[in-house]
Undergrad: 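What follows is a structure written as structure tokens; I'll ask about it next.
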Amino acid sequence: MVGKWAGTGKRRTRGFFESGRVMLNGQLCEDGQVQVGRFDHVQVDEVILQNEVPRYIMLHKPKGVVSATTDLEHETVIDLIQEDWADQLHLAGRLDRFTSGLVILTNDSRYSESLTEPSNKVGKRYLVEVDGGIGPEVISAFEAGIWFAKEKVTTSPAAIEQLGPGKCRLTIYEGKHHQIKRMFAKFSLKVIALHREAIGELELSGELKEGEWIEIIPTPGQTGGIPEAG
Ligand code: URA
């Protein structure tokens, strides 16, 4: 049987654990000071109060699929995960509808925040194709940072590797709305193809075809911020 309980706050659990009836992760726990994590198994007598499994999903998003949990018109990334727990997931950073590539979904908000929190400076690496030549002025401006008047921020220095006249590999360290399109738009260049290859140290698996996904086990503490200089 699954029951209701007040949650994982420190004050709420005091007294509760001291009752001597609470099993924490399969062991009797009488410590009123214990800190209960979101994914700890908590049971009182026969009643399971908390039993959620942490899930970390790497998905290869195809173009045309929406990075949202619900959408009235288009297929969503959640629709691609046909599991009964899929509706518990949220996105660790969205992609535009016509962008393909790596999307991470999870039910662990601490993990998703570690990837999306701007101060963590987690790199998001993309393959980009634009409708014109990427000149040295674009490269140096991206490396210096681009001013976004709407948000009143200058983007962190991006890493850019030219792959052809209108093609590059670009790593950015924020996730502003349409960020890459807006960066190129400053130079009157239109993004015609965009594909995310990596988020921090998580590389999109070459085994995953568009629309496919796998469960991953993230390495604790590895969010993959900007490499140390030198
Ligand atoms: N920048 C964009 O413009 N679109 C994306 O989907 C991701 C980054």
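Scope of the values below: all heavy atoms of this structure, side chains included, with no hydrogens, waters or symmetry mates.
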Undergrad: Side chains of P54 and T106, heavy atoms from C-beta outward: is any pair under 4.5 Å?
TA: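 Result no, sub-4.5 Å side-chain heavy-atom pair not found.
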Undergrad: Measuring from atom CD1 of I57 to atom CG of L91, what distance do you get when rounded to the nearest 0.5 angstrom?
TA: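 Answer for the CD1-CG pair, I57 versus L91, is 11.5 Å.
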Undergrad: For L28, look at atom CG and say whether over 12 heavy atoms of other residues, nucleotides or ligands are found less than 6.0 Å away.
TA: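 More than 12 within 6.0 Å, yes.
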Undergrad: State, with a plain yes or no, whether a side-chain heavy atom of H195 is found less than 4.5 Å away from one of T99.
TA: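 The answer is no, as the side chains (C-beta and beyond) never meet within the 4.5 Å cut-off.
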Undergrad: Same cluster or not: V128 versus V103, using hydrophobic residues (I, L, V, M, F, W, Y) connected whenever any side-chain heavy atoms lie under 4.5 Å apart?
TA: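 Yes; V103 is reachable from V128 via cluster members.
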Undergrad: Side-chain contact test, heavy atoms from C-beta onward, threshold under 4.5 Å: evaluate it for Q50 versus F39 and give yes or no.
TA: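 Q50 vs F39: side chains apart.
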Undergrad: Show which side-chain atoms of residues 204-214 pair as donor or acceptor with protein atoms under 3.5 Å away, not counting sequence neighbours.
TA:
unit_1, atom_1, unit_2, atom_2, d
S205, OG, E207, N, 3.1
E212, OE1, K209, N, 3.0
W213, NE1, L80, O, 3.4

Undergrad: Do E174 side-chain atoms and T155 backbone N/O form a donor-acceptor pair below 3.5 Å?
TA: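 No; judged by distance alone, with no hydrogens or angles, the pair does not exist.
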Undergrad: Got a sec, which residues hit salt bridge (Lys or Arg N to Asp or Glu O under 4.0 Å) with R196, two or more places apart in sequence or on another chain?
TA: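 Counting only residues at least two positions away or on another chain, R196 forms no salt bridge (Lys or Arg N to Asp or Glu O under 4.0 Å).
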Undergrad: So, using side-chain hydrogen bond (donor to acceptor under 3.5 Å, both in side chains) as the criterion, who are the partners of E52 when residues are at least two apart?
TA: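 Result, side-chain hydrogen bond (donor to acceptor under 3.5 Å, both in side chains) vs E52: R38, N107.
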Undergrad: Under a 4.5 Å side-chain heavy-atom rule over Ile, Leu, Val, Met, Phe, Trp and Tyr, are I216 and V77 clustered together?
TA: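 Different clusters: I216 never reaches V77 through Ile, Leu, Val, Met, Phe, Trp or Tyr contacts under 4.5 Å.
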Undergrad: List the steps, then state whether side-chain contact (heavy atoms from CB on, under 4.5 Å) holds for T69 with D87.
TA: CA-CA 7 Å; T69 47; D87 62 355; over 6 Å; no
Undergrad: With a sphere of 6.0 Å drawn around CD of Q27, does it hold more than 12 non-hydrogen atoms of other residues, nucleotides or ligands?
TA: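 Open.
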Undergrad: Would you please test V36 and F17 for side-chain contact (heavy atoms from CB on, under 4.5 Å) and show each step?
TA: CA-CA 10 Å; V36 182; F17 278 92; 3.5 Å; yes
Undergrad: Could you walk me through whether F142 and L170 satisfy the side-chain contact (heavy atoms from CB on, under 4.5 Å) test, starting with their C-alpha distance in whole Å, then the side-chain angles of each, then the deciding distance to 0.1 Å, before giving a yes or no?
TA: CA-CA 9 Å; F142 283 14; L170 179 65; 3.9 Å; yes
Undergrad: Given the rule in the side-chain contact (heavy atoms from CB on, under 4.5 Å) test, do I78 and T70 qualify, once you have shown the distances and angles that lead to the verdict?
TA: CA-CA 8 Å; I78 296 290; T70 56; over 6 Å; no
Undergrad: Going by heavy atoms in the side chains, are E83 and Q88 under 4.5 Å from each other?
TA: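 E83 vs Q88: side chains apart.
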Undergrad: Given the rule that I, L, V, M, F, W and Y join up when any side-chain heavy atoms are under 4.5 Å apart, are L189 and I139 in one cluster?
TA: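 Linked within one cluster.
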Undergrad: Among K61, E73, H74, which one satisfies side chain to side chain contact (heavy atoms under 4.5 Å, CB included) with V66?
TA: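 It is H74; the other options fail the test.
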Undergrad: Please list, chain by chain and in numerical order, all residues satisfying ring-ring contact (aromatic ring centres under 6.0 Å, His included) with Y56, sequence neighbours excluded.
TA: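 Y56 satisfies ring-ring contact (aromatic ring centres under 6.0 Å, His included) with Y111 once adjacent residues are dropped.
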Undergrad: Would you say I172 ends up clustered with V138 if hydrophobic residues are merged whenever their side chains have heavy atoms under 4.5 Å apart, either directly or through other cluster members?
TA: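 Per the 4.5 Å side-chain linkage, V138 and I172 are co-clustered.
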Undergrad: Side chains of I134 and F187, heavy atoms from C-beta outward: is any pair under 4.5 Å?
TA: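 A side-chain contact is absent here, since even the closest heavy-atom pair is not under 4.5 Å.
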Undergrad: If you look only at pairs with a residue in residues 176-192, which of them pass as a salt bridge (charged side-chain N to carboxylate O under 4.0 Å, His left out), with sequence neighbours excluded?
TA: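 The answer is D96-K181, E151-R182.
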Undergrad: Would you call R169 and E197 a salt bridge, using N to O less than 4.0 angstrom?
TA: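 Salt bridge present between R169 and E197.
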Undergrad: Please examine the side chains of L95 and Y126, heavy atoms only from C-beta on, and report whether any two atoms are closer than 4.5 Å.
TA: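 Side chain of Y126 against side chain of L95, heavy atoms only: contact under 4.5 Å found.
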Undergrad: With a 4.5 Å cut-off on side-chain heavy atoms, are V191 and F98 touching?
TA: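 Counting from C-beta outward, F98 and V191 never come under 4.5 Å.
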Undergrad: Is K63 close to S100 at the side-chain level, that is, under 4.5 Å between some pair of heavy atoms?
TA: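 Heavy-atom side-chain distance check passes, below 4.5 Å.
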Undergrad: As an exercise, state the distance from CG of L49 to NE2 of H41, rounded to the nearest 0.5 Å.
TA: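 The distance works out to 9.5 Å.
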Undergrad: Side chain to side chain contact (heavy atoms under 4.5 Å, CB included) with T171: which residues, sequence neighbours excluded?
TA: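 With neighbours one apart ignored, the set is R125, A159, Y173.
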Undergrad: Rounded to the nearest 0.5 Å, what separation is found between the CG atom of L59 and the CD1 atom of I81?
TA: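 Between L59 CG and I81 CD1, I get 5.5 Å after rounding to 0.5 Å.
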